[in-house]
Amino acid sequence: TAVRFVNKKCYIRARFVYIYLSFCLTDYFSQGKNDSEDSGLRFATCQLLWKQINSETEKIQEELNKQLFDNLIHFLRQSHSELQTKKTEWMCRMKSSEIPTAALVLGVNVTDHDMTFKSLSEVLQDNVTPYVVSLQAKECPGIKHLLQKLMGQLMDCNVDVDSSEEEECVNISQKKIRCSMASLSKWYESVTKKTDSETPSKKRTSSSRHWQSPPIVVIFKDMESFTTKVLQDFIVISSQHIREFPLVLIFGIATSPMIIHRLLPHSVSSLLCIELFQSLSCKEHLATVIDKLLLTTQFPFKLSEKVLQVLINIFLYHDFSVQNFIKGFQLSIVEHFYSQPLSVLCCQLLEAKKRVNSLSHNQCENIRSLPSFRRYVESQVSEKQIALLTEDSFLKEVTQTLLEDLHIYHENYFTVLRCLHVFTTSLPKYPLGKQIRELHCACLGKSVWETEEYESAIQLLRMLAKDELVAILQKCAEIFISSSGKQFSNTVEKLEEFLARFQNLEGEHFSVGFRSVPSVEELSSSYIPCCSFRSYLAPAEMQTLNEVVYFNTANTLREHLNAAPRIALHTALNNPYCYLKNQTLKSDVGCISNTAPDICIVYKLHLECGRLINLVDWLEAFSTVVTAVEGTDPDAVATDQVDEIIHARFIRAVSELELLGFIKPSKQKTDHVARLTWGGC
Amino acid sequence: MPNFEHPEYPEATLLHLESMVPCRESQVSSLLSIFGERQHFSFPSIFIYGHTSCGKTYVMQTLLETLELPHVFVNCVECFTSRLLLEEILTQLQSLSSEKKHGSHVPCDTFNDFVRLFKQEIITQDLQNQTVYIVLDKAEQLREMEANVLPGFLRLQEMTDRNVTVIFLSEIVWELFRPNTGCLEPFTLYFSDYSIVCRDLKELRHLAALNFTKYCEPVVRGEANERDTRRLWKNIESHLKKAMQTVYLREISSSQWERIQKDDGEPGHLKGLSAHAHVELPYYSKFLLIAAYLASYNPARTDKRFFLKHHGKIKKTNFLKKHEKTSNHLLGPKPFPLDRLLAILYSIVDNKVAPTANIFSQITSLVTLQLLTLVGHDDQLDGPKYKCTVSLDFIRAIARTVNFDIIKYLYDFL
């Protein structure tokens, strides 16, 4: 049963996101319970925000991959030029018979690889060669399929080089390509000859992008899943033709490059000239994504501590997949804009201020019912309280200033957070976490200065050596200067003053020697409290109107992203009321209601059995439960045969259970079925 | 006076041939006598075997080309189906005498068609009066094809009634080929290794090519002359050793090796492929892998002892069955059902783990990463069984990262 879920899981998740997004049209937003509350505008805002975030993530991805791709292209160029210079020296002849191979170690987050390979083949097609082929293990169970796939993709990519060649391509595919290396090399010869004989103007355009006699790049996306035989055969065959067409292999490796030695015997791996390339680790990738998407005022939308924790936990505990993290982030955005009517204000500050003016009375009431706003009202003087609660126009005015405050709070928060991070990363054992995301979570949730970890961090800070402290302070000063907030100019001045005093101490240090040490401590202790910036790091929940931009229903997200199908199935069958919400189904724990669907009755009965279930007993129990309700005399039924209809219902319910994977027919005993699950879940 | 004597061929050709095939004179001369004169019928099939790179392919190619005998040379790995193989032979046959380089494509599905087309082709090419040689390189692949292909080739002369000889080249002995339905026995010929020491001439050549410049360095600098082998050897010895540990095992590539040589750097800073053995895994995947390892190497009956809190005193010797006395690590991993894996997982992870879809998909991920293998068929949905395929070193490294003392839980180390 589990495996069935496993195989379906990915599909279900993809499907879910797809459905979620394709249906999150305007009507979906307005169909919800909160219509008349700017649903159209919310939808548009949501779309716009996601578009911006999506393009930002793509940019991040591109930047992170750039180094790797540059290295790969350099390798391709080098091996290609070696192939081109057809030296007669036996040494070069020896080497040229090896197939240049790049072993690309990408990490275990397989779901992210597709994206990487997609952009890799795009980059290669743009800069190196039109002939890029990506192969997946499941498409290539045998060498024949592999060659078929390879040639199919090559003939196709021929089309986009020059449209005039299209006709011939059709011809080739029509007469059913013979899948052998010989025909491949014949094809390559004809293609390269054609480009050579082209008009000079055309030649120039093609050669500006692609190299002369462009190599054929074959990418094995998931090296681990390929069978040894297919890989070996392919390498042996193609090594015999390497002089006829330049071939370069790229192995996509998820685990470690050792897999090459495990898959290929020495006689085969000796035909390769393998070089290793390593992509950025997924954790670093995530850190960049969090840094660019979450720890910034660029996007108005924010995640609360719990939601962020759910997303990070899925990443760290389950899949290491940055793509899934972003998908989860996307889901939070959609969910926030859908469920929170005030999310209409979750946009850039200027726009939000404009939108406040056109809020309906309903929306004003929504603002008044926000917990954070109620807290705010309570702290005001009574006349103002009345005005806030009764006058919509006054409320709107106040809301505008509050939104501005919230914006300023964020600006300061991120700057100060980065400074604090500079301090905490230089401490031994990282009491507040090594990554900035850990620090961020700690600050989001509660007042960080009240925690024990903060105390110990401050203790450790006091013990820092002077030069370390100076370095940290310099970094902090840089962060403050580069930040957009103007209110830090004072702090920067102060900081520079401190730094200057430290420098002076250095001078003293040489003359006075040991006596300068206490003064360093004194200085640092006088400095540290001022850098704690308590007001700036106050948790987001304390901020008025934080509900507008913070998404905090972590449970919804967890249910969607980290679903527990076995538990859900058990709940559905054991307690149908949970999903059907039919009052008659409400029953005590342990007793079997006869109004429940047949499958539930059968399921509950089967929970009481051992590993093997007697079908006759089961049927009898089922019939007893079902007939008991109808109020007929149980004795009359007992003497009679089981009703045919009840029998049929029973058979149907049992086969449904079998379909769900709870039982299977057993050959150990006649008229018995075997249970496939243990316990209740 | 040449070693080879044959009335058919001029002496100069034979001399040339001799210079081309050092150390293979005896084999070549026996082949020459088997072939006889051009129009003579030869053996229907010849089976040549010997270790890798002992010159089988090279000798055959040189022999047939130097003596200008009509021949077809096919690699059976490349032609992975019988249809491709037969068509390839016919295509090459077409281009034997005609001027055009590539023969046109001849569709040929069965061996029956092949015999018919082959006969036709011999007549159109006017080859009735000479022996045609068909060389099948890497002939062990023939065993994978249809059952009639190998016996068919062995009897090709008889079936086509033409003067044709099929030569099989293989790395394994004829006994492993012989079909159980019986067949015509070929003439077998063994190619011995070139020397006792050299196992793989290609590799020797490869390493020599890579290190020759280094070897010559003292001569170039004028510190030694070409005959001063001892000094030259001393100079190259340590270098060669390094090469054997790296390039030979394909730990680093030949071009990387060349770059190191050019820079005169130490290969130390360049890590080989095996140096990157560490695999970073998600937290629960690590525990899943540890649980799988425990399930694979501990007998199921011992789970109680390791994972129940009040298991009572069970001494190792008392409940040992006889066959369990041998080390489980020597026997290799044993398959275990999914339920057992999950049960162990729940007891070794400190906090509560819900059986979420993510956990199940992590198991499948581990299978695709080849860290676990699925025992039995893919589409067996009920009660799947797995095996853990990682090594003890690997799992210890993984366990260390999550502070789990795996040795304490392994039955073999009790």
Side-chain angles (χ1 to χ4, degrees), chain A residues 1-7 9-10 78-79 82 90-91 94-95 98 103 105 107-108 110 143-144 178 180-182 186 222 224-225 233 236-237 240 254-261 267 269-270 272-276 281 314 316-320 562-567 661 664 676 678 681, chain B residues 52 75 77-81 84 87-88 91 102 105 138 200 202-203 205-206 209-210 212-213 248-250 252-256 258 271-274 276-285 338-339 342 354-365 368-371 380-384:
Chain A
T1 47
V3 174
R4 193 177 295 175
F5 292 136
V6 172
N7 294 338
K9 199 220 86 187
C10 292
Q78 202 164 32
S79 48
E82 270 168 19
W90 68 295
M91 202 175 131
M94 281 292 318
K95 264 197 58 203
E98 288 182 333
V105 181
V108 295
V110 184
I143 179 75
K144 195 172 148 192
R178 273 174 77 233
S180 68
M181 272 292 167
K186 224 183 286 171
D222 41 353
E224 279 88 356
S225 310
D233 282 356
V236 169
I237 294 172
Q240 276 158 359
T255 49
S256 83
M258 298 268 277
I259 195 81
I260 297 176
H261 292 315
S267 62
S269 64
S270 64
L272 303 174
C273 176
I274 307 168
E275 256 179 68
L276 192 66
S281 91
I314 290 177
L316 288 178
Y317 285 4
H318 294 294
D319 57 11
F320 269 176
N562 202 5
R566 274 176 101 156
I567 294 173
K664 67 166 183 178
L676 287 167
W678 37 260
C681 81
Chain B
T52 56
N75 188 327
V77 178
E78 202 181 320
C79 306
F80 42 88
T81 64
L84 279 178
E87 285 174 359
E88 179 67 23
T91 323
H102 297 291
H105 173 243
K138 303 244 164 32
D200 194 336
K202 269 188 210 147
E203 275 304 290
R205 204 166 52 158
H206 180 240
L210 283 180
F212 189 64
T213 42
Y248 176 69
L249 298 173
R250 293 304 185 278
I252 62 176
S253 74
S254 45
S255 43
Q256 279 172 326
E258 267 184 355
K271 283 200 222 154
L273 294 182
S274 311
H276 300 266
H278 179 66
V279 179
E280 190 77 36
L281 286 172
Y283 188 72
Y284 284 143
S285 295
L338 176 71
D339 287 347
L342 292 176
T356 59
N358 273 325
I359 293 283
F360 292 119
S361 80
Q362 269 167 287
I363 299 173
T364 2
S365 305
T368 53
L369 295 178
Q370 302 268 299
L371 299 172
Q380 188 200 344
L381 289 177
D382 45 336

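In what follows, chains carry the letters A, B, and so on, assigned in the order in which the sequence lines appear, proteins first and then strands, with residues in each chain numbered from 1. Just the heavy atoms: all of them, side chains too, but no hydrogens, waters or symmetry mates, feed the values below.
A:Ile567 places a side-chain heavy atom less than 4.5 Å from the side chain of B:Pro355. A:Val108 has its side chain within reach of B:Leu369: a pair of non-hydrogen atoms, C-beta onward, lies under 4.5 Å apart. A:His318 places a side-chain heavy atom less than 4.5 Å from the side chain of B:Ile359.
Contacts between B:Ser365 and chain A at a heavy-atom distance below 4.5 Å are absent for every atom of the residue. With a 4.5 Å cut-off on non-hydrogen atoms, A:Leu272 touches chain B through its backbone but not through its side chain.
Once rounded to the nearest 0.5 Å, the distance linking OG of A:Ser270 with NE2 of B:His206 reads 8.0 Å. A distance of 6.5 Å separates CG in B:Leu342 from CZ in A:Arg566, rounded to the nearest 0.5 Å.
In terms of heavy-atom pairs under 4.5 Å with chain B, the best-connected choice from A:Gly107, A:Ala564, A:Pro257 is A:Pro257. In terms of heavy-atom pairs under 4.5 angstrom with chain B, the leader among A:Ala254, A:Ser269, A:Ala103 is A:Ser269. When each of A:Ile237, A:Ile259, A:Leu316 is checked for heavy-atom pairs under 4.5 Å with chain B, A:Ile237 comes out on top.
In this view, A:Thr255 and A:Glu224 satisfy the side-chain hydrogen bond (donor to acceptor under 3.5 Å, both in side chains) rule, not counting sequence neighbours. B:Asn75 meets the side-chain hydrogen bond (donor to acceptor under 3.5 Å, both in side chains) test with A:Gln240; sequence neighbours excluded.
Here the closest heavy-atom approach between residue B:Glu280 and residue A:Phe320 is recorded as CG-CE1, 3.6 Å.
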